[in-house]
Amino acid sequence: MIVTIDGPAGAGKSSAARALAQRLGFAFLDTGAMYRAVTLAALRGSCDRADQTALAQLMAGLRLDMPPGKVVLNGEDVTGLIRTPEITAASGAIASSPVVRQQLVAWQRQIAAGGDFVCEGRDQGTIVFPDALCKFFLFADPTERARRRHRELSARGDTISFDEVLKAQDERDARDAARDIAPMIPAHDAIRFDTTSCTLEQVVERMEQEVRTRIAARHPLPPAPPPDKPPANALTWMETSWFRLWHETCYVAYFATMTLGFSLRIQGQHNMPKHGPALLIANHQSFLDPILCGLAARRPMVYLARKTLFKNRYAAAIIRSLNAVPIDQEGVGKEGIRTILDQLKLGKAVVVYPEGERTPHGKMQALKPGIHLLIKRAQAPIVPVGIAGAFDAMPRWAWLPTPAPLFWPAAKGTLSISLGQPLEARLYAEMPRERALQELFEKINAEQQRAEQLRRR
Ligand code: DC
């Protein structure tokens, strides 16, 4: 997939392109650096930059490699050498040469063929990659661009004045835009973006959103095939009216117990889809968590529980009444993923704890990689859930919870739960795993902070 970023110098293209590529897990191709490298070769060879035959000869004997972050000319690393004002000034004539452009366009297409690239330059969206997934044209107020460039040069120790920078920039803009070949103009389908008063973070954020939306639209997930036969763990009794009665009864009983006994507070219930599949991803503090999730969701939920918890008859009866499906291993292992996908296909809402186990210290732990695998295959909205207070009320080692009754001023360990806005699974499925895990962690963590604030209010 190709994303192109074109526009004049100083509009923030390079930094934005590099950051965007990193966020998307794409490679970054700085095509301006390629024109600069050819300029360096021409200056070194004292080649007449207006003579197309001489330039054609130069190009024929030239090898240009673009490994990440580097520019290698005939085997020599010239990354630093091509950033001088002299090269900048001389590059205009090289960039106007048809033979140079023809060759560089071919190389750029070769480099990016079959890969995921953010390509930055002047003609990437118009000439080089007209079918790019997403095209941006960044521009900014000329004075602001010159100010940025002047700051950059001064930081490098260059003594050039602001006026000189502005003048050179105006000349370059006019020449780039007016040249006959590959003029610097926005592609008709490019998104034009004025960066004058934006921070780099804002620019990258907006571009990333746009790209991810297009990736998701280009790869619609196939509709879920109807299950040919119900999976072995289908909770068919959930469809019966007996179950509904039982669920209502339990709901009222648990709600009363949690509110009166533990001062439970809930927020964000409108974020829970009322029907159809939904995947709740929550932090895991305590055995109380499934109850809290069930109360917050306001609809029957499916939970996964270790088989060992079903050993005791009474415990088994209680957790079965909460629609617990027994699995060998807690968390999002292979078996858990299969079970969850089966339940989602049946249109159920499932709670999963991506940390894999209850926290041993009250703080959130890193998410297990299995959650990314699950999200890649889950065709359901994901609701981030934060739970607070459950660790204080019933930590891992406790057999019974310590109540914190309503209207009891000295009570500590009150409970709260917060449901966040549903997330689109596809966006996280397309991200590299580490990034997806980090972002999902942050979403759950943010909800936990909200729950914590609610609890202390
Ligand atoms: O973006 P830059 O300043 O590094 O670009 C160096 C020169 O190359 C500049 O004169 C514009 C030109 N260029 C071009 O004509 N087409 C591109 N795709 C990239 C850069």
Side-chain angles (χ1 to χ4, degrees), residues 2-18 20-21 28-43 49-50 55 58-59 62 64 66 69-71 73 78-112 117-130 132 135-140 142 145-146 148-153 156 158 160 165-187 190 195:
I2 304 288
V3 173
T4 62
I5 304 183
D6 292 307
K13 272 179 307 151
S14 293
S15 323
R18 203 170 280 119
L20 179 67
F28 163 57
L29 181 63
D30 174 0
T31 61
M34 298 174 81
Y35 286 92
R36 286 172 180 271
V38 175
T39 309
L40 178 68
L43 289 177
R49 279 167 281 136
L55 284 174
L58 177 83
M59 292 307 284
L62 199 125
L64 193 53
M66 303 291 291
K70 282 194 184 155
V71 184
L73 177 65
V78 295
T79 317
L81 298 178
I82 57 170
R83 298 286 160 198
T84 62
E86 189 193 2
I87 297 281
T88 306
S91 67
I94 294 292
S96 304
S97 154
V99 292
V100 174
R101 293 208 81 89
Q102 195 186 13
Q103 183 63 79
L104 288 191
V105 167
W107 284 345
Q108 287 157 17
R109 288 183 184 146
Q110 254 172 36
I111 292 171
F117 273 82
V118 174
C119 299
E120 179 242 313
R122 306 287 189 285
D123 57 348
Q124 300 299 289
T126 46
I127 310 278
V128 190
F129 302 109
K135 303 175 183 179
F136 297 99
F137 189 87
L138 303 194
F139 60 99
R145 289 197 282 125
R148 290 176 191 169
R149 180 89 184 123
H150 184 240
R151 225 180 287 140
E152 211 177 279
L153 290 171
R156 264 195 241 149
D158 212 307
I160 191 165
V165 173
L166 181 60
K167 187 162 166 266
Q169 175 187 281
D170 285 346
E171 282 168 11
R172 219 144 56 94
D173 281 357
R175 199 184 47 218
D176 280 350
R179 71 181 171 217
D180 296 334
I181 176 168
M184 181 189 62
I185 45 166
T195 67

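As the structure lists them, so they are numbered: ligands from 1, and atoms in each ligand from 1.
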### Query
Does Met184 come within less than 4.0 angstrom of ligand 1, counting non-hydrogen atoms of the residue?
no
### Query
Tell me, which pairs form a salt bridge (charged side-chain N to carboxylate O under 4.0 Å, His left out) where one or both residues lie in residues 90-105, sequence neighbours left out?
Arg101-Asp123
### Task
Among all protein heavy atoms, pick the one closest to atom 18 (N) of ligand 1 and tell me residue, atom and distance.
Asp123 OD1, 2.7 Å
### Query
So which of Arg175, Arg122, Gln108, Arg83 gets nearest to atom 11 (C) of ligand 1, if we judge by its closest heavy atom?
Arg122
### Query
Should you measure from each heavy atom of Ala95, which atoms of ligand 1 turn up under 4.0 Å away?
12 (C), 15 (O)
### Query
Which of the numbered atoms in ligand 1 are below 4.0 angstrom from a heavy atom of Gln124?
18 (N)
#### Entry: Residues which pass side-chain hydrogen bond (donor to acceptor under 3.5 Å, both in side chains) with Ser14, listed by chain and number, not counting sequence neighbours
Glu120
### Task
May I ask you to check if ligand 1 and Thr31 share an N or O to N or O distance below 3.5 Å?
yes
### Salt-bridge present (Glu171, Lys167; N to O < 4.0 Å)
yes
### Query
Taking NZ, NE, NH1 and NH2 as the nitrogens, is one of them in Arg122 or Asp6 under 4.0 Å from a carboxylate oxygen of the other?
no
### Message
Just to confirm my output: which protein heavy-atom neighbour is closest to atom 20 (C) of ligand 1, and how far is it?
### Response
Gly32 CA, 3.5 Å
### Message
Just by distance, no angles: are the side chains of Thr88 and Arg172 close enough, under 3.5 Å, to form a donor-acceptor pair?
### Response
no
### Task
Just need the protein heavy atom nearest to atom 8 (O) of ligand 1, so name the residue and atom and give the distance.
Tyr35 CB, 3.4 Å
### Nearest protein heavy atom with distance in Å, relative to atom 3 (O) of ligand 1
Arg36 NH2, 3.0 Å
### Task
Measure from the side-chain N and O atoms of Lys135 to the backbone N and O of Thr4, and report whether any donor-acceptor pair falls under 3.5 Å.
no
### Message
I'd like to know if Arg156 and Glu152 make a salt bridge, using a cut-off of under 4.0 Å between side-chain N and carboxylate O.
### Response
yes
#### Entry: Any Met34 heavy atom less than 4.0 Å from ligand 1
no
### Query
Counting distance only, does the side-chain N/O of Gln124 pair as donor-acceptor with the main-chain N or O of Phe129 below 3.5 Å?
no
### Message
Donor-acceptor pair, distance only, cut-off 3.5 Å: does the side chain of Arg145 make one with the backbone of Ala140?
### Response
yes
### Task
Measure Arg149 to ligand 1 on non-hydrogen atoms and call it side chain, backbone, both or neither using the 4.0 Å cut-off.
neither
### Message
Using only atom types and a distance under 3.5 Å, with no angle test, would you say the side chain of Arg36 pairs donor to acceptor with the backbone of Ile82?
### Response
yes
### Glu120 N/O to ligand 1 N/O under 3.5 Å
no
### Element-labelled atoms of ligand 1 that are located less than 4.0 Å from some non-hydrogen atom of Arg172
3 (O), 9 (C)
### Task
Would you mind checking which non-hydrogen protein atom is closest to atom 16 (N) of ligand 1, with the distance to 0.1 Å?
Arg101 NH2, 2.9 Å
### Query
How far is atom 10 (O) of ligand 1 from its nearest protein heavy atom, and which residue and atom name does that atom have?
Ser91 OG, 3.1 Å
